[in-house]
Every structure is written in structure tokens, then in C-alpha cells.
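Structure incoming, see below.
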Amino acid sequence: APTIGGRSLSITADVNVPAKGAEGVLLSIGGRTNGLSLFVQKNQLWFAYNNGDEKVYASSTEVIKPGKNLFRVDYNYEGAKNEPNAPGTA
């Protein structure tokens, strides 16, 4: 998997949600010790990030509606340039 630690990132997903709703993983990347996931659960968008030392979870404040949606999450890295396991916020 590509290196994801030690940097800020933005993820955008263009999703068409069926009328009956849907749940599942939109993006998952990582390995045994770190990674991230963007997923829909209980009509909310969720972002999970594990840098090996810290886990960050963030969810949308709005309920996902059926039809076309453009989802975006921004993760703001808060560490030094060469400190891959520093904390951040989403």
C-alpha cells in the first residue's frame, strides 16, 4: 500500500445512493499496522484513520439522502514533516 502517514489528505467520492439506501465501504487502504477507510453506515458517512499510534474517527452531521452525492473528507495532519505517526483531525 502507498505511504499515507505523515501528511494531510482529502478524499472525494462521487456516489449515487439508491432510493432504498445503501451501506458499505467506499475506499479502504492500508495494511496490518495502519490505514484508512471511508464508508457509509446507518445513513452517515464515516472516516476511520489509524496511523499506528492513534485512531481517528469522524462522521457526517447530515443524513445521506438517496440520489447523487459528492462526499468529501479532509484530514489535517498536525505533526512535524518527518513524524509519520503524529496526530491529526478530520
Side-chain angles (χ1 to χ4, degrees):
T3 302
I4 56 174
R7 66 188 75 194
S8 295
L9 58 91
S10 294
I11 301 169
T12 304
D14 188 4
V15 179
N16 192 3
V17 178
K20 64 179 181 177
E23 290 194 350
V25 175
L26 301 170
L27 169 73
S28 179
I29 188 168
R32 203 173 98 202
T33 59
N34 57 42
L36 61 84
S37 182
L38 183 66
F39 59 97
V40 176
Q41 184 176 19
K42 296 183 181 176
N43 292 322
Q44 283 186 293
L45 181 67
W46 283 87
F47 174 72
Y49 177 76
N50 177 2
N51 68 13
D53 291 330
E54 176 191 46
K55 294 179 183 170
V56 174
Y57 296 95
S59 66
S60 60
T61 56
E62 297 178 21
V63 173
I64 294 173
K65 296 184 171 111
K68 291 192 83 162
N69 291 272
L70 187 63
F71 301 141
R72 180 180 171 122
V73 64
D74 296 307
Y75 175 78
N76 299 309
Y77 176 70
E78 298 173 347
K81 184 176 181 180
N82 295 320
E83 188 183 5
N85 293 340
T89 56

For this session: Taking side-chain contact (heavy atoms from CB on, under 4.5 Å) as the test, write out the residues that go with I11, two or more places apart.
Result: L9, L27, L36, L38, F47, V73
For this session: Sequence neighbours left out, what pairs pass side chain to side chain donor-acceptor pair (under 3.5 Å) with at least one residue falling in residues 9-24?
Result: S10-R72, S10-D74
Exercise. Should the pair F39 and W46 be assigned to parallel (<30°), tilted (30 to 60°) or perpendicular (>60°) ring geometry?
Worked result: parallel
Exercise. Rounded to the nearest 0.5 Å, what separation is found between the OG1 atom of T33 and the CG atom of N50?
Worked result: 7.5 Å
For this session: Say whether, by atom type as modelled, one donor and one acceptor occur between the side chain of S8 and the main chain of Y77 under 3.5 angstrom.
Result: yes
Problem set entry | Residue pair L26 / V40: nearest heavy atoms and the distance that separates them |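 Closest approach of L26 to V40: CD1-CG2, 4.1 Å.
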Problem set entry | For S60, side-chain contact (heavy atoms from CB on, under 4.5 Å) partners two or more places apart | Q44, L45
Exercise. Which residues pass the side-chain contact (heavy atoms from CB on, under 4.5 Å) test with K65, sequence neighbours left out?
Worked result: none
Exercise. Closest heavy-atom contact between P66 and P18?
Worked result: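 Answer, listing the atom of P66 first, then P18: CB-O, 3.7 Å.
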Problem set entry | All side-chain contact (heavy atoms from CB on, under 4.5 Å) counterparts of N69, not counting sequence neighbours |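 Checked N69 against side-chain contact (heavy atoms from CB on, under 4.5 Å); matches are V17, I64, F71.
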